[in-house]
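Heavy atoms only: backbone and side chains are in, while hydrogens, waters and symmetry mates are out.
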Amino acid sequence: MKILVLSDSHSALSFMRRCIAAVKPDHVVHLGDHYDDGVAMAEENPHIRFHQVPGNCDRYRCDPGLPQVMCYDIGGVRFFMTHGHLHGVKSDIGRLLADARKNIARAVLYGHTHQKQCYQDADGLWVLNPGTCGTYGGSAGVIEVQDNKITACHILQQAELDTLS
């Protein structure tokens with residue numbers, strides 16, 4: 001199973017469409033900042049399961065009662081998903097990682113910083129910030145899950161999209 005992770009789209013619908021077409025994901029996670037971009041992609045792709053949290057720029061773009069953090073299993077792997085602004089990720093991700101571990105997550109997905117990051121901690125926790133699909137050329141995250149485990153996790157750059165199509 002493939003999971004496409006997008007964040008900080010800021011109305012970059014063209015890049016999002018290209019990612020979905022190239023990756024052909026089973027699930028898409030949109031981590032906010034223009035929540036309505038994720039809604040538009042979900043409407044265009046009803047065969048794909050979408051998971052979304054709002055970001056700091058979404059105050060007037062979606063229902064204010066939507067959860068800021070989601071933590072549940074996708075493909076047998078527990079994901080902790082949030083935009084990141086409420087965890088202060090621009091200065092340090094320690095609080096974010098602690099919350100993910102407290103929720104027994106195997107992967108933490110966040111955005112907000114527009115800085116790409118993908119690695120596995122010593123204790124096995126995957127940490128993914130896909131960067132921004134809205135500026136700086138665009139980037140996204142791709143996670144592959146098989147047999148209830150993450151088998152691959154990487155950053156997808158806009159320049160790589162043509163090679164996947």
Side-chain angles (χ1 to χ4, degrees), residues 2-23 25-75 77-103 105-118 125-143 153-158 161:
K2 285 185 187 175
I3 303 167
L4 176 64
V5 183
L6 302 166
S7 187
D8 298 276
S9 51
H10 302 284
S11 298
L13 299 180
S14 175
F15 179 78
M16 295 172 77
R17 287 183 184 109
R18 288 185 65 211
C19 285
I20 291 169
V23 174
D26 302 290
H27 294 258
V28 172
V29 175
H30 184 263
L31 299 168
D33 274 2
H34 289 215
Y35 188 92
D36 48 340
D37 296 347
V39 171
M41 292 300 99
E43 289 171 355
E44 290 178 19
N45 297 280
H47 60 286
I48 300 173
R49 173 77 201 233
F50 275 73
H51 313 267
Q52 288 190 250
V53 292
N56 60 298
C57 293
D58 291 320
R59 174 179 284 156
Y60 303 109
R61 293 180 171 275
C62 60
D63 178 351
L66 288 170
Q68 301 283 320
V69 174
M70 296 188 308
C71 187
Y72 53 81
D73 290 7
I74 302 173
V77 174
R78 190 157 191 81
F79 287 88
F80 187 90
M81 301 166 273
T82 189
H83 182 65
H85 61 294
L86 299 177
H87 285 87
V89 298
K90 283 192 176 180
S91 57
D92 179 57
I93 64 168
R95 198 168 81 206
L96 174 69
L97 299 181
D99 279 356
R101 288 183 173 103
K102 184 170 52 175
N103 282 277
R106 296 310 311 141
V108 58
L109 311 177
Y110 74 102
H112 189 52
T113 67
H114 294 204
Q115 300 298 310
K116 304 176 285 286
Q117 187 172 53
C118 181
L125 178 68
W126 280 97
V127 178
L128 174 65
N129 181 331
T132 173
C133 54
T135 54
Y136 312 119
S139 61
V142 178
I143 301 170
C153 184
H154 68 278
I155 301 291
L156 176 65
Q157 301 284 359
Q158 182 167 345
L161 288 177

Sidechain-backbone polar pair: [X] side chain, [Y] backbone, donor-acceptor under 3.5 Å:
X    : Y    : result
D92  : G94  : yes
R59  : P64  : no
S139 : P130 : yes

Identify the two heavy atoms, one from [X] and one from [Y], that lie closest to each other, and give their separation to 0.1 Å.
X    : Y    : value
C133 : M16  : SG-CG, 3.9 Å
K116 : I155 : CD-CG2, 3.4 Å
N129 : G111 : ND2-O, 3.3 Å
A12  : D37  : N-OD2, 4.1 Å
G141 : L128 : CA-CD2, 4.1 Å
Q52  : G38  : OE1-C, 3.3 Å

Would a 4.5 Å heavy-atom cut-off, applied to side chains only, mark [X] and [Y] as touching?
X    : Y    : value
L31  : V5   : yes
P25  : I3   : no
Q117 : Y110 : yes
P54  : Q68  : yes

Just to verify, what does H10 make a ring pair (Phe, Tyr, Trp, His ring centres under 6.0 Å) with, not counting sequence neighbours? H34, H114

For H51, all residues meeting ring pair (Phe, Tyr, Trp, His ring centres under 6.0 Å), sequence neighbours excluded: H27, Y72

With rounding to the nearest 0.5 angstrom, report the [atom1] to [atom2] distance, [X] to [Y].
X    : Y    : atom1 : atom2 : result
F79  : I143 : CZ    : CD1   : 4.5 Å
N56  : K90  : CG    : NZ    : 6.5 Å
H30  : Y35  : NE2   : OH    : 9.5 Å
F80  : L109 : CZ    : CG    : 10.0 Å
N45  : R17  : CG    : CZ    : 9.0 Å
W126 : C118 : CH2   : SG    : 5.5 Å

H87 pairs by side-chain contact (heavy atoms from CB on, under 4.5 Å) with which of V108, D99, L97? D99

side-chain contact (heavy atoms from CB on, under 4.5 Å) test vs M41 passes for just one of D36, I48, L13, V28, namely L13

Set out, in order, the CA-CA distance, both residues' side-chain angles and the distance that settles side-chain contact (heavy atoms from CB on, under 4.5 Å) for V53 and V69, then state yes or no. CA-CA 7 Å; V53 292; V69 174; 6.0 Å; no

Are a donor atom and an acceptor atom from the side chains of [X] and [Y] found within less than 3.5 Å of each other?
X   : Y    : result
S7  : D33  : no
H85 : H112 : no
D8  : T132 : no

Checking side-chain contact (heavy atoms from CB on, under 4.5 Å) for the pair V29/L6: CA distance, chi angles, key distance, verdict? CA-CA 6 Å; V29 175; L6 302 166; over 6 Å; no

R78/D73 under salt bridge (Lys or Arg N to Asp or Glu O under 4.0 Å): CA gap, chis, key distance, verdict: CA-CA 4 Å; R78 190 157 191 81; D73 290 7; 3.4 Å; yes

